[in-house]
Amino acid sequence: MERQTFSEVLQNWYHRNKRDLPWRNTKDPYMIWLSEVILQQTRVVQGLPYYEKFVEKYATVVDLANADEKDVLRLWQGLGYYSRARNMHQTAKIIADELNGEFPGTYAELVKLKGIGPYTAAAIASFAFDEKVAVVDGNVYRVLARVFGVETDIASHEAKKVFSELANELISSNSPGTHNQAIMEFGATYCTPANPGCMFCLFHYDCEANAKGKQAVLPVKSKKVKVKKRYFDYFVIEQNSKLLMAKRGPKDIWEGLYDFYLVETKDELLRLEETDNDFLQEVLPIATIKSESAVYKHVLTHQTIEAKFWHVVLNETASLPLPLDYEFYTWQEVEDLPKPILIEKYLKKHHAEFASLG
DNA sequence: CACTCGTGGTG
DNA sequence: TCACCAAGAGT
């Protein structure tokens with residue numbers, strides 16, 4: 001009997017061990033695209049409910065294209081990396097308006113679209129159109145680095161090329177999509193970052209990492225993120241049962257999401273009496289401070305935020321020049337706006353204070 | 001190209 | 001508490 005190829009071993013394992021995930025039961029490139037974007041840097045358990053919500057609300061790429069960006073972001077709320085949702089929405093418009101709602105059918109065409117990079121293009125091309133092109137994601141880096149003993153730093157520039165070439169040598173011609181699913185599933189559920197199941201692994205005798213006991217050091221990954229501290233004082237300004245909010249702009253976190261009037265300070269949270277903020281100096285003398293929240297710690301990949309919320313109520317007649325882009329929203333509107341999880345947590349915790357708003 | 005973009009889970 | 005991670009892409 002002939003020795004099985006890497007791909008055959010992998011696919012046999014996959015057929016016996018794969019999870020039943022909804023996006024694996026379709027060839028619809030829209031559904032596959034949706035799932036792939038949701039799963040970027042995101043665990044299946046976290047992404048799954050969002051996938052269900054999106055296919056429910058936006059059944060086709062045209063439905064997504066016709067939606068308001070605000071509503072798309074609202075549905076995406078809590079999943080993070082919000083540019084994924086904004087780019088996906090933009091690309092849906094392109095496909096609906098310029099491509100007659102037809103998804104491009106090749107890797108080369110797919111990778112041109114905003115939000116579709118090398119990984120996602122390969123995933124859609126192979127899963128939906130059976131194109132022979134290897135996916136290279138974190139799982140693939142890990143599986144290949146270990147099995148073949150590749151010590152190239154996966155954070156380096158050449159890693160993409162090295163692992164991509166190896167992956168494309170290994171991929172099967174007859175079922176590239178299944179091969180791609182299989183190697184990722186194997187990485188995600190068996191050849192895991194910590195505590196892989198090497199003892200009973202399919203590649204037990206062939207795996208370089210296992211032979212040399214290097215599971216813990218492969219794949220090699222340099223770069224450590226340095227985390228900045230930021231201090232946010234939010235002023236939750238209420239007037240006539242409405243709250244003042246604005247959409248966040250580019251070049252900072254949470255682009256496209258809405259938050260309250262924000263005063264950011266450098267080394268510590270604000271001391272009210274010392275602020276030289278013009279708007280606050282207008283507001284505070286004519287307002288009632290209804291509550292000062294506890295300090296929230298919110299952790300992001302490259303920064304940790306300490307935040308405090310000041311619930312400030314203005315009397316009905318007070319009028320003041322609003323900062324650019326800020327508007328008063330009813331409670332219903334506030335609920336419907338896409339917001340950072342930090343804001344959502346505050347509103348939930350202080351729900352009683354806002355109960356009278358509706 | 002090094003850096004930035006969230007959130008929640010884990011050892 | 002903390003470092004690291006999880007189906008990457010844009011700039």
Side-chain angles (χ1 to χ4, degrees), chain A residues 14 18-19 21-24 32-51 73 76-88 90-91 110-124 126-127 134-143 153-161 163-164 167 177 180-189 191-196 216-217 219 221-228 230 248-257 259 296-305 338-345:
Chain A
Y14 178 67
K18 65 177 177 179
R19 293 167 290 182
L21 302 171
W23 48 83
R24 287 180 175 162
I32 292 168
W33 173 49
L34 197 50
S35 72
E36 292 305 332
V37 175
I38 286 173
L39 291 174
Q40 286 168 13
Q41 299 292 284
T42 305
R43 294 167 195 278
V44 166
V45 287
Q46 190 184 4
L48 185 53
Y50 286 84
Y51 176 81
L73 282 169
W76 197 272
Q77 179 178 302
L79 199 49
Y81 287 158
Y82 297 95
S83 65
R84 291 183 292 172
R86 289 185 286 102
N87 288 335
M88 191 173 70
Q90 285 180 39
T91 292
L110 287 163
V111 80
K112 294 177 185 172
L113 298 169
K114 203 162 202 175
I116 300 183
Y119 165 76
T120 304
I124 299 171
S126 64
F127 300 159
V135 294
V136 182
D137 74 331
N139 293 306
V140 175
Y141 278 133
R142 186 169 55 256
V143 172
D153 181 354
I154 64 172
S156 71
H157 192 228
E158 58 168 328
K160 177 70 189 169
K161 177 182 166 67
F163 284 91
S164 174
N180 280 337
Q181 289 280 12
I183 191 168
M184 287 193 290
E185 185 77 345
F186 184 68
T189 66
C191 190
T192 48
N195 309 319
V217 296
K221 186 178 183 182
S222 64
K223 270 185 197 171
K224 285 149 192 171
V225 285
K226 59 172 183 181
V227 178
K228 296 174 188 171
R230 298 177 72 178
R248 293 180 61 85
K251 295 178 180 176
D252 199 355
I253 56 173
W254 302 330
E255 180 180 354
L257 305 193
D259 62 1
Y296 289 71
K297 284 193 178 177
H298 193 76
V299 180
L300 292 77
T301 305
H302 291 269
Q303 48 192 290
T304 65
I305 297 167
K339 300 169 290 294
I341 231 61
L342 171 62
I343 302 293
E344 195 69 45
K345 282 179 178 168

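Numbered from 1 within each chain, the chains take letters A, B, ... in sequence-line order.
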Between A:Gln181 and C:dA7, is there a side-chain N or O to OP1/OP2 distance below 4.0 Å?
no
Any donor-acceptor N/O pair under 3.5 Å between B:dG6 base and A:Tyr81 side chain
yes
Side-chain donor/acceptor of A:Thr42 to backbone N/O of A:Gln40, under 3.5 Å
yes
With sugar-phosphate meaning primed atoms plus P, OP1 and OP2, does A:Arg19 contact a base, only sugar-phosphate, or nothing at under 4.0 Å between heavy atoms?
base
Just jot down the side-chain contact (heavy atoms from CB on, under 4.5 Å) partners of A:Tyr50, sequence neighbours excluded, or say none.
A:Ile38, A:Lys53, A:Leu79
Which value, in whole Å, describes the distance between the P atoms of nucleotides C:dT11 and B:dG6?
14 Å
Residue A:Thr301, side-chain heavy atoms: nucleotide from B:dG8, C:dG8, B:dG6 that is nearest:
B:dG6
Using the P atoms only, state how far B:dT4 lies from C:dA7, rounded to an integer number of Å.
23 Å
Could you tell me whether the side chain of A:Arg24 and the main chain of A:Arg19 form a donor-acceptor pair under 3.5 Å?
yes
Expressed as a whole number of angstroms, how long is the span from A:Met88:CE to B:dC5:P?
21 Å
Rounded at 0.5 Å granularity, tell me how far CZ in A:Phe163 sits from CD in A:Glu158.
9.5 Å
Any sub-3.5 Å donor-acceptor pair from A:Ser126's side-chain atoms to A:Ala123's backbone N or O?
yes
For the side chain of A:Ser35 and the backbone of A:Ile32, is there at least one donor-acceptor N/O pair under 3.5 Å apart?
yes
Once you apply a heavy-atom cut-off of 4.0 Å, does A:Arg24 come out as touching a base, just sugar-phosphate, or nothing?
base
Would a distance-only check, ignoring hydrogens and angles, find a side-chain to backbone donor-acceptor pair under 3.5 Å from A:Arg142 to A:Cys191?
yes
Under 4.0 Å between any heavy atoms, over every strand shown, what does A:Val299 touch: base, sugar-phosphate, or nothing? Just pick one.
base
Out of B:dG8, C:dA9, C:dA7, which nucleotide sits closest to the side chain of A:Arg43?
B:dG8
Just call it for A:Gln303: base, sugar-phosphate, or nothing, with non-hydrogen atoms closer than 4.0 Å on any strand.
sugar-phosphate
Whole-Å gap separating C1' (B:dG6) and CG (A:Leu39):
15 Å
Of all the nucleotides listed (C:dC5, C:dG8, B:dC5), which has the minimum atom distance to the side chain of A:Asp137?
C:dG8
Hey, which sits more toward the 5' end of DNA chain B by its nearest nucleotide, A:Leu79 or A:Ala194?
A:Leu79
Within the 4.0 Å heavy-atom criterion, would you say A:Thr42 contacts the bases, only the backbone, or no part of the nucleic acid?
base
Would you classify A:Trp23 as touching base, sugar-phosphate or nothing, given that sugar-phosphate means primed atoms plus P, OP1 and OP2, and contacts are heavy atoms under 4.0 Å?
base
Starting from C1' on C:dA7, measure out to CZ on A:Phe186 and report it in whole angstrom.
16 Å
Categorize A:Ile305 for me: base, sugar-phosphate, or nothing, with a 4.0 angstrom heavy-atom threshold over every strand shown.
nothing
Could you work out which one of C:dG8, B:dT7, C:dC5 sits closest to the side chain of A:Tyr82?
B:dT7
Is a side-chain donor or acceptor of A:Gln77 paired with a backbone partner of A:Pro338 at a separation under 3.5 angstrom?
no
So which nucleotide from B:dG8, C:dT11, C:dG8 ends up closest to the side chain of A:Lys114?
C:dT11
For C:dA9 and A:Thr120 - does any side-chain N or O of the residue sit under 4.0 Å from the phosphate oxygens OP1/OP2?
yes
Please report the distance separating the C1' of C:dG8 from the corresponding atom of B:dC1, rounded so that it comes out in whole Å.
15 Å
Protein-nucleotides 1-3 of chain B N/O pairs under 3.5 Å:
| unit_1 | atom_1 | unit_2 | atom_2 | d |
| --- | --- | --- | --- | --- |
| B:dC1 | OP1 | A:His157 | ND1 | 3.4 |

Could you tell me how far apart A:Gln41 (CD) and C:dA9 (P) are, to the nearest whole angstrom?
9 Å
